[in-house]
Amino acid sequence: DGTWGDGNNLLWIGADDVYVAKIDKDGNSEFVSAATTGNSFNITSDSLTTGKITNLISNSSDVSTRELVTIHNDNALATGAAVLELIQDSTADALQIDHNADGTAINIVSDATTADVIDITADSLTSGRALNIYSNATSSAELMKIWNDQSAGAKLLHLRQDGADA
């Protein structure tokens, strides 16, 4: 069953007051899935050349604080669920951030107490680097700052080399 333009909804896909997809007259959309092992939403686009699978654009000049995209795992018991996984089978970057304003490009806030906040595993390196920091700035900016504001037994930096060239 599906209806168009019932006064409140422009598109309704469902039956017996249970919908799978709904777009209301204000442009709000909602998709509901009861899938347990399959994909709730799947897009396959195998013929792309220069196009995108998804292109999300906001041109709002409103200065209100907001997130344009939120992915939220809302159950603390879902301990095996990663919020986002990027898989790149080619040599291009898996994640590229192009930040064109004077603000923080990546801001990580973590409530972890015993887990690592950032963990990089690069076991297949031969001549590459696990981390490369480069700047060509002609200013007196600090390239890297490590700051521990609590001195109660915390080590500021721990370096360990177990290889033959130690």
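Reckoned from all heavy atoms, side chains included, excluding hydrogens, waters and symmetry mates.
- I53 and L84 fall into different hydrophobic clusters, where Ile, Leu, Val, Met, Phe, Trp and Tyr side chains are chained together by heavy-atom contacts under 4.5 Å.
- The two residues A81 and N73 have their closest heavy-atom pair at CB-ND2, 3.7 Å.
- By the criterion of side-chain heavy atoms lying less than 4.5 angstrom apart, applied directly or through intervening Ile, Leu, Val, Met, Phe, Trp or Tyr residues, I133 is not grouped with V117; the two fall into different hydrophobic clusters.
- With sequence neighbours excluded, no residue forms a side-chain hydrogen bond (donor to acceptor under 3.5 Å, both in side chains) with H158.
- For the atom pair OH of Y134 and CG of N136, the computed distance is 4.0 Å after rounding to the nearest 0.5 Å.
- At most 12 heavy atoms of other shown residues, nucleotides or ligands fall within 6.0 angstrom of atom CG in N59.
- Residue R129 qualifies as open at atom CZ: its count of foreign heavy atoms under 6.0 Å is 12 or below.
- Of all heavy-atom pairs spanning Q88 and D93, the tightest one is NE2-O, 3.5 Å.
- Counting heavy atoms from C-beta on, the side chains of V69 and L56 come closer than 4.5 Å.
- Both I146 and L131 belong to a common hydrophobic cluster when Ile, Leu, Val, Met, Phe, Trp and Tyr are linked at side-chain heavy-atom distances under 4.5 angstrom.
- Heavy atoms only, all atoms of each residue included: T79 and A76 are closest at CG2-O, 3.7 Å.
- Put simply, OG on S58 and CG on L68 are 5.0 Å apart, with the number rounded to the nearest 0.5 Å.
- I106 and L143 are members of different hydrophobic clusters when ILVMFWY side chains are connected at heavy-atom separations under 4.5 Å.
- Closest approach of S60 to R66, counting heavy atoms only: OG-NH2, 3.4 Å.
- Note on I118: it does not cluster hydrophobically with L156, by side-chain heavy-atom contacts below 4.5 Å among ILVMFWY residues.
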